[in-house]
**Student:** 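My questions all concern the structure below.
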Amino acid sequence: MKNIETFTVDTKQQGAEKLVELISNELKANRLQVFGLATGSTMEPVYDQLVASDLDFSQVTAFNLDEYIGIPADHPNSYAYYMNERLFSKKPFKKTFIENGMAEDLDEECVRYETLLKENPLDVQLLGIGENGHIAFNEPGTSPESVTHVVELTESTIAVNSQYFTEDETMPVTALTMGISSIMQAKKLVVAAFGENKRAALEKLFAGEVSAEWPVTFLLKHSDVTIITDLKF
Ligand code: F6R
């Protein structure tokens, strides 16, 4: 596929190294003013390596893909907390943005976030993939026209992500997420998928047919996608 370049690695750690190399190239070529970030287990080694690197993000603005609704930024399971703990508190950025899942008016919050994205066009967006093929929290069935919006998480996503919540915590079942269209505006998309549970989603992508049932397949319509995976096909 001419718009998709795939790097196959042996381990998640090697994948993270490759990803950091790509980011470093963009940064050094002055093509990374606005950086779209993701959370989740896939990104953990990536942020560890970015922190350990000598890369300078002090002139880079960051936007995160998504945030749960109803848990505050200082809650250990919020994505704001994840980002602060793993990256921002250790690597200074010029400015960082994430949706406010505690906003009183969530629709207004979506408009605010999308406006910020319009004012700060994404140069590179990092993406993980859900087992069900979601990108950000764009679950199966999401429109390709979607911008930042409120989502109801699917059973599959709740089952996977509930592992991070303790028994006496209730996992949020709604979230705010950049839409497919918001993501597709990024100049470059860098996707990481490690482990067998991502095989079905990548298979759908490599099959080459766009379907809203597998949101990851919308990437087929983007002109610059890099995939890093430890899966062999
Ligand atoms: C996280 C996000 C999600 C994850 C995906 C994979 O900000 O937007 O789409 O990238 O659910 O999660 P992990 O990496 O935990 O397998």
Side-chain angles (χ1 to χ4, degrees), residues 1-6 22 34-40 42-43 62-69 79 97-99 101 106-158 160-161 173-193 197-229 231 233:
M1 274 168 237
K2 60 179 179 356
N3 61 325
I4 300 187
E5 185 174 20
T6 305
L22 292 174
V34 185
F35 193 7
L37 300 172
T39 58
T42 309
M43 297 301 156
F63 279 88
N64 262 86
L65 286 171
D66 40 19
E67 178 61 287
Y68 290 116
I69 290 175
Y79 286 165
F97 295 99
I98 188 161
E99 296 95 334
L106 293 168
D107 292 334
E108 208 174 274
E109 174 59 10
C110 292
V111 172
R112 181 190 75 89
Y113 205 67
E114 196 64 29
T115 307
L116 283 167
L117 284 168
K118 289 255 149 48
E119 290 166 359
N120 299 273
L122 294 163
D123 291 307
V124 177
Q125 176 65 57
L126 296 188
L127 293 171
I129 310 179
E131 287 184 29
N132 63 358
H134 73 209
I135 49 172
F137 273 143
N138 293 290
E139 300 283 29
T142 306
S143 159
E145 316 298 329
S146 53
V147 293
T148 304
H149 62 290
V150 173
V151 287
E152 280 189 29
L153 302 175
T154 58
E155 287 301 321
S156 156
T157 301
I158 294 167
V160 174
N161 287 12
V173 292
T174 52
L176 294 172
T177 184
M178 280 191 208
I180 300 289
S181 166
S182 337
I183 293 169
M184 294 291 278
Q185 304 297 319
K187 292 191 193 79
K188 189 177 184 65
L189 301 177
V190 180
V191 186
N197 54 346
K198 306 293 168 77
R199 184 177 289 279
L202 274 194
E203 256 167 15
K204 291 287 173 192
L205 177 65
F206 292 143
E209 214 172 289
V210 178
S211 154
E213 283 317 298
W214 290 87
V216 66
T217 62
F218 286 125
L219 303 186
L220 290 163
K221 293 184 166 176
H222 195 281
S223 58
D224 185 351
V225 182
T226 303
I227 296 181
I228 300 168
T229 183
L231 294 168
F233 290 90

**Student:** Is T229 reaching over with its side chain to a backbone N or O of A193, donor-acceptor style, under 3.5 angstrom?
**Tutor:** yes
**Student:** Does a side chain donor of either T148 or E99 reach within less than 3.5 Å of an acceptor in the other side chain?
**Tutor:** no
**Student:** Check whether T177 reaches the backbone of A136 with its side chain - one donor and one acceptor, N or O, closer than 3.5 Å.
**Tutor:** no
**Student:** Would you give the length of the straight line joining atom CD of E152 to atom CD1 of I69, rounded to the nearest 0.5 angstrom?
**Tutor:** 9.5 Å
**Student:** The test is side-chain contact (heavy atoms from CB on, under 4.5 Å); show your working for F137 and T142 and say whether it passes.
**Tutor:** CA-CA 9 Å; F137 273 143; T142 306; over 6 Å; no
**Student:** To the closest 0.5 Å, what do you measure between CD1 (I158) and CG (N161)?
**Tutor:** 9.0 Å
**Student:** Rounded to the nearest 0.5 Å, what separation is found between the CZ atom of F218 and the OG atom of S181?
**Tutor:** 11.0 Å
**Student:** Checking the side chain of Y113 only, and the main-chain atoms of F97 only, is there a donor and an acceptor separated by less than 3.5 Å?
**Tutor:** yes
**Student:** Can you tell me if K198 uses its side chain to pair, donor with acceptor, with the backbone of I129 under 3.5 Å?
**Tutor:** yes
**Student:** If you measure from OG1 on T115 to CG on N120, what distance do you get to the nearest 0.5 Å?
**Tutor:** 11.0 Å
**Student:** How long is the gap from CZ on F233 to CG on L202, to the nearest 0.5 Å?
**Tutor:** 4.5 Å
**Student:** Backbone N or O of Y79 within a donor-acceptor pair of the E67 side chain at under 3.5 Å?
**Tutor:** yes
**Student:** When you check the side-chain N and O atoms of T154 and T157, is any donor under 3.5 Å from an acceptor?
**Tutor:** yes
**Student:** Between K118 and E114 (salt bridge meaning N to carboxylate O under 4.0 Å), is one present in this structure?
**Tutor:** yes
**Student:** Please tell me if the side chains of L122 and M178 come closer than 4.5 Å, counting only heavy atoms from C-beta onward.
**Tutor:** yes
**Student:** Check whether any side-chain heavy atom of E119 sits under 4.5 Å from a side-chain heavy atom of L116, and report yes or no.
**Tutor:** yes
**Student:** For the residue pair G133 and A201, what are the closest heavy atoms and their distance?
**Tutor:** CA-CB, 3.9 Å
**Student:** Looking only at heavy atoms, what is the nearest atom pair of M43 and G128, with distance?
**Tutor:** CE-N, 3.9 Å
**Student:** Surrounding CD of E203 (heavy atoms of other residues, nucleotides or ligands, distance under 6.0 Å), is the total greater than 12?
**Tutor:** yes
**Student:** Can you name the nearest heavy-atom pair linking S182 to L117, along with the distance?
**Tutor:** CB-CD1, 4.1 Å
**Student:** Among pairs that include at least one residue of residues 208-220, which meet salt bridge (Lys or Arg N to Asp or Glu O under 4.0 Å), considering only residues two or more places apart or in two chains?
**Tutor:** none
**Student:** Do I228 and L22 come within less than 4.5 Å of each other through their side chains, counting heavy atoms only?
**Tutor:** yes
**Student:** Assess whether atom NZ of K188 is packed by more than 12 heavy atoms of other residues, nucleotides or ligands within 6.0 Å.
**Tutor:** yes
**Student:** Taking the side chain as C-beta and beyond, is there a heavy-atom pair between I4 and L220 under 4.5 Å?
**Tutor:** yes
**Student:** Any idea which heavy atoms bring L189 and M184 closest together, and the distance?
**Tutor:** CD1-SD, 4.5 Å
**Student:** Would you find a donor on one side and an acceptor on the other, under 3.5 Å apart, between the side chain of H134 and the backbone of L153?
**Tutor:** no
**Student:** For a quick test of reading the model, state the closest non-hydrogen atom pair linking N138 to S146 and the distance between them.
**Tutor:** OD1-OG, 3.9 Å
**Student:** Check whether any side-chain heavy atom of Q125 sits under 4.5 Å from a side-chain heavy atom of L65, and report yes or no.
**Tutor:** yes
**Student:** List the steps and the verdict of side-chain contact (heavy atoms from CB on, under 4.5 Å) for V151 and D66.
**Tutor:** CA-CA 10 Å; V151 287; D66 40 19; over 6 Å; no
**Student:** Taking the side chain as every heavy atom from C-beta outward, state whether C110 and L176 have any pair of such atoms under 4.5 Å apart.
**Tutor:** yes
**Student:** To the nearest 0.5 Å, what is the distance between CZ (F206) and CZ (R199)?
**Tutor:** 10.5 Å
**Student:** Between D123 and V34 (side chain of the first, backbone of the second, donor and acceptor by atom type, cut-off under 3.5 Å), is there such a pair?
**Tutor:** yes
**Student:** Show the numbers, then the answer: is there a side-chain contact (heavy atoms from CB on, under 4.5 Å) between L205 and I227?
**Tutor:** CA-CA 11 Å; L205 177 65; I227 296 181; 3.2 Å; yes
